[in-house]
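Letters A, B, ... are given to chains in the order of the sequence lines, protein chains preceding strands, and every chain is numbered from 1.
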Protein chains: 2
Amino acid sequence: MSEVVNMEQTILESATELFLKKGFKATSTTEIAKEAGCNQALVHYYFRTKDRLFEAIFQQKVKFFVGALLDIGKEELPFLEKLEKKVISHFEAIESNPRLPLFFLNELSANPNRIDTIKQAVGNLPQQAVHQLEKELNSDIEKGAIRPVSVRDLLMSIVSLNIMAFMGAPMFKVMTGISEEDYQKFLNQRKMENVRIILKSLEPEVES
Amino acid sequence: MSEVVNMEQTILESATELFLKKGFKATSTTEIAKEAGCNQALVHYYFRTKDRLFEAIFQQKVKFFVGALLDIGKEELPFLEKLEKKVISHFEAIESNPRLPLFFLNELSANPNRIDTIKQAVGNLPQQAVHQLEKELNSDIEKGAIRPVSVRDLLMSIVSLNIMAFMGAPMFKVMTGISEEDYQKFLNQRKMENVRIILKSLEPEVES
DNA sequence: AAACTATTTAATAGATTTATTAAATAACAA
DNA sequence: TTGTTATTTAATAAATCTATTAAATAGTTT
């Protein structure tokens, strides 16, 4: 039972929670300090400025998020099986960090400059991974195993379905009048539904 | 050429643009006034408080957005054809208001209280529309024309695919390294790709 | 034109926010 | 214990933000 907590770490965690919930501008260092249980000046002692604190968190989260999306399964599996695993692991990554997508998109909207932070954080890793996926995809397309589809469309579909299941929850709940409990049930089956949608969307057209 | 502009209207438009881009907290009445080309006090003269101004805009946008999602085609068409039209019109509604979804979701995250504004603005219209859609959907499922799927899953799929094509653009561009011009091309074909995905996802399972 | 109303601005009070500084406290090493 | 360094706090400067008020300007009516 370490009663002594690392205040720098605590501040970082409080800041993360608040930034994720309310964004950069709507979160004050005063609030962060209060949440962390320390004096407001301490936030600046450890992180100098609010912006630096934010950037540290932003970068770290970008790396995590992009990693979760990209880490292409190394196993030697048929493409469609690998894809299914990918959809599932991506869904689960978002499930355990449901606020991340909104956090990124909102911050980019409010301050497009942050795009540079992202670029710098991810490098050309994404392009490589996309290219690798594209090769495997095209190979299966040529075999006639799946219908012709661009890697961009496929990626966009996966990301859209997985992210919106969590990010869209508040709106979706109001629209459908669903309870929190039922929404959890919905989410539980949604992971495999997304897999189904992606796989069915890739099925070759039937002869007419 | 009416050189005389209605300043109240101009303020509303400037505020809308800024709120949509940066959210409630990150937008100041000073900034709104500057954008509108008037004195800051005038913003308060017409709208009393920043919050009232925001609420007016928020409500109006919610009604528009929900309307665009729900207005179920009145024509007598086969379900799948009606659905295709629905997907397309929903896509186009977002296309002409690409910032709306992020605006709602971010504001709800920062201030969950606003959920009441939404509930009040939309009433039980959504539930009714969902229920109507559900009837038609189930009817086609019973006929065996489409695979068993819940109306919630179907709605979530449509909304996810359409919204993320626009809302996710900034992230997607970085990840794929695509140019603005190519992204426009991507969007142009994405509408029908979404239709394809939805329709294919509804195809009955083939006999094994 | 005079009187009245609506619009717009300048000035400012009162909060809040970020960041800095100096002082106080705690932790540690000599 | 004493000197040294690291951590934490209190106080506060400077900037910014919302909202109000009073005065100025423009527009209308009589």
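With salt bridges taken as basic N to acidic carboxylate O contacts below 4.0 Å, one links A/E180 and A/K173.
Residue B/N39 contributes atom CG, which lies 15 Å from atom P of D/dT20 at whole-angstrom precision. Taking atom NZ on A/K34 and atom P on C/dT17, their separation rounds to 10 Å, with Å as the unit. Rounding to whole angstrom units, CG of residue A/L42 and P of D/dT7 are separated by 9 Å. Nucleotide C/dT8 holds its C1' atom 14 Å from the CG atom of B/N6, rounded to whole Å. Atom-to-atom, CD1 of A/I32 to C1' of D/dT8 comes out at 17 Å; the value is rounded to the nearest Å. Atom NE2 of A/H44 and atom C1' of D/dT9 are 14 Å apart (whole Å). The separation between A/K25 atom NZ and D/dT18 atom C1' is 13 Å, rounded to whole Å. Spacing between atom CD of A/Q40 and atom P of D/dT8 amounts to 15 Å, rounded to whole angstrom units.
For B/F104 and B/F58, the gap between ring centers is short of 6.0 Å. Taking the ring centroids of B/F19 and B/F103, they lie at or beyond the 6.0 Å cut-off.
Phosphate proximity of D/dT18 to B/T29: present, with a side-chain N or O under 4.0 Å from OP1 or OP2. Phosphate proximity of D/dA6 to A/Y46: absent, as no side-chain N or O sits under 4.0 Å from OP1 or OP2.
B/Y45 comes within contact range of at least one nucleobase, with a heavy-atom separation under 4.0 Å. Residue A/S28 is in sugar-phosphate contact alone, with no base atom involved, counting any heavy-atom pair closer than 4.0 Å across all strands shown.
Relative to the side chain of B/A41, the nucleotides C/dA19, D/dT21, C/dT8 differ in distance, and D/dT21 lies closest. Here C/dT20 is the nucleotide among C/dT20, D/dC17, C/dT8 with the atom lying nearest to any side-chain atom of A/R48.
Scanning both residues, A/T49 and A/H44, for their nearest heavy atoms gives CA-ND1, 4.1 Å.
No side-chain donor-acceptor contact under 3.5 Å links B/S109 to the backbone of B/L105.
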